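Hydrogens, waters and symmetry mates are skipped; everything else that's a heavy atom, side chains included, is used. Please read these numbers as outputs of a predicted model, since none were measured by experiment.
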Amino acid sequence: FFFILLCPLLTMRLFAEEQKMGTLELLLTAPVRDWEVVVGKYIASLAALAITISFTIYYVVILYWFGDPDSGPLFSAYIGLFLYGAAALAVGIMASSLSSNQITSAVVGVGILMPLSFADVVADRVTGVASRILDGLSMGSHFADFTRGVLDTGNIVYYVSMVVVFLFVAIRVLETRRWR
C-alpha cells in the first residue's frame, strides 16, 4: 500500500511542473528525443526509489544478526519490491505527462494503481474468465510469488511489460504536445 502512494508522489512533478512552468517546450525543443526525456526522468525516479528501498536493508542486517532466516524469500521479495516499484513509477510518469497540475497527476496515478494493485481481491470474489483476467492484471497477485521466494519469469515479464507500456504511453502523450 505504501508504494501506491509513494510512487505517484515521487513522479507527480516530473512533467506536470514542467508544463506548468513552461519549461516543457524548452525540453522538447532541445536536441534530445522524447523517449530519451521520459527514460531519463524514469531512471532518476527509479534511483530515488532504490535509495528509499535501500534504507530497509538495516532490518535485514538485524534479522541476520539475531537469527537465521531463509535467504531465498528475503532476496526475491526485494527483487519483487523493486519491480513493483518500477511499474508503479511508470504509471506515475504517465499520469504526470497527462496534466499540468501536480495534485491531479498524483491523484490519477493513485487512481490507476489502486485498481491494478487490488484487482486480485475482486478476482477472489468473482468466478470464471473474469476472475482469471482480473488476477492476471493484478500487481498484487504477481508480487505474492516473490514474497514466497519464487522467481517466476512470468511475473518478471509482467512488471517489465507494465513499465514498457506505461512509458510508451507517456512518450506518446509528450509527442502529441508537439502538435498542439
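Atom CG of Leu46 and atom CD1 of Ile51 lie 10.5 Å apart (nearest 0.5 Å). If you take CD1 on Ile4 and CG on Leu9, they are separated by 12.0 Å, rounding to the nearest 0.5 Å. Distance check: Leu10 CG to Leu6 CG gives 4.5 Å after rounding to the nearest 0.5 Å. Remark: Ile156 CD1 to Thr153 OG1 distance equals 6.5 Å, nearest 0.5 Å. Atom CG in Leu89 sits 13.5 Å away from atom NZ in Lys41 (nearest 0.5 Å). Note that OG1 of Thr11 and CD of Gln102 are 11.0 Å apart. Values are rounded to the nearest 0.5 Å.
Criterion: ILVMFWY side-chain heavy atoms under 4.5 Å apart, direct or through other members. Under it, Val39 and Phe166 are part of a common hydrophobic cluster. Cluster membership check: Val165 does not share its hydrophobic cluster with Leu137, using side-chain heavy-atom separations under 4.5 Å among Ile, Leu, Val, Met, Phe, Trp and Tyr. When the side chains of ILVMFWY residues are joined at heavy-atom separations under 4.5 Å, either directly or via intervening members, Val110 and Val107 end up in two distinct hydrophobic clusters. In the hydrophobic cluster analysis, where Ile, Leu, Val, Met, Phe, Trp and Tyr join through side-chain heavy atoms closer than 4.5 angstrom, Tyr84 is grouped together with Leu74. Residues Tyr58 and Phe55 fall into different hydrophobic clusters, defined by Ile, Leu, Val, Met, Phe, Trp and Tyr side chains chained together at heavy-atom separations under 4.5 Å.
Side-chain contact between Val163 and Tyr42 is present, with heavy atoms from C-beta onward closer than 4.5 Å. No side-chain heavy atom of Asn155 sits under 4.5 Å from any side-chain heavy atom of Phe143. In this structure, Leu116 and Met162 have side chains that are in contact, with non-hydrogen atoms separated by less than 4.5 Å. Within the 4.5 Å cutoff, the side chain of Leu134 has no heavy atoms near those of the Asp120 side chain. Phe15 has its side chain within reach of Val37: a pair of non-hydrogen atoms, C-beta onward, lies under 4.5 Å apart. When side chains are defined from C-beta on, Leu113 counts as touching Pro8, because their heavy atoms get closer than 4.5 Å. Tyr158 has its side chain within reach of Met139: a pair of non-hydrogen atoms, C-beta onward, lies under 4.5 Å apart. For the pair Leu49/Phe3, a side-chain contact is recorded, criterion being any heavy-atom separation below 4.5 Å from C-beta on.
Below 30°, between 30° and 60°, or above 60°: for His142 and Tyr159 the angle between ring planes is above 60°, a perpendicular geometry. Taking the six-membered ring where the residue is Trp, Phe75 and Tyr64 present parallel rings, their angle staying beneath 30° rather than reaching 60°.
Without hydrogens or angle criteria, Glu17 side chain to Leu14 main chain gives no donor-acceptor distance under 3.5 Å. Under a 3.5 Å cut-off, the side chain of Ser117 and the backbone N or O of Met114 do not form any donor-acceptor pair. Checked by atom type and distance alone, the side chain of Ser131 never pairs as donor or acceptor with a backbone atom of Gly128 at under 3.5 Å. Of the possible donor and acceptor atoms, one in the side chain of Ser76 sits under 3.5 Å from a partner among the backbone N and O of Phe146. Formation of a donor-acceptor pair under 3.5 Å by the Ser105 side chain with backbone atoms of Met12 is found in this model. Of the possible polar contacts, none joining the Ser97 side chain to the Val173 backbone as a donor-acceptor pair under 3.5 Å is found.
Residues Asp135 and Arg132 are not paired through a salt bridge, judged by the lack of any N-O separation under 4.0 Å between the basic side chain and the carboxylate.
Across every non-hydrogen atom of Tyr78 and Ile57, the tightest pair is OH-N, 3.6 Å.
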ask   = Between Glu18 and Leu26, does a side-chain contact (heavy atoms from CB on, under 4.5 Å) hold up when you go through it step by step?
value = CA-CA 9 Å; Glu18 295 217 20; Leu26 292 172; over 6 Å; no
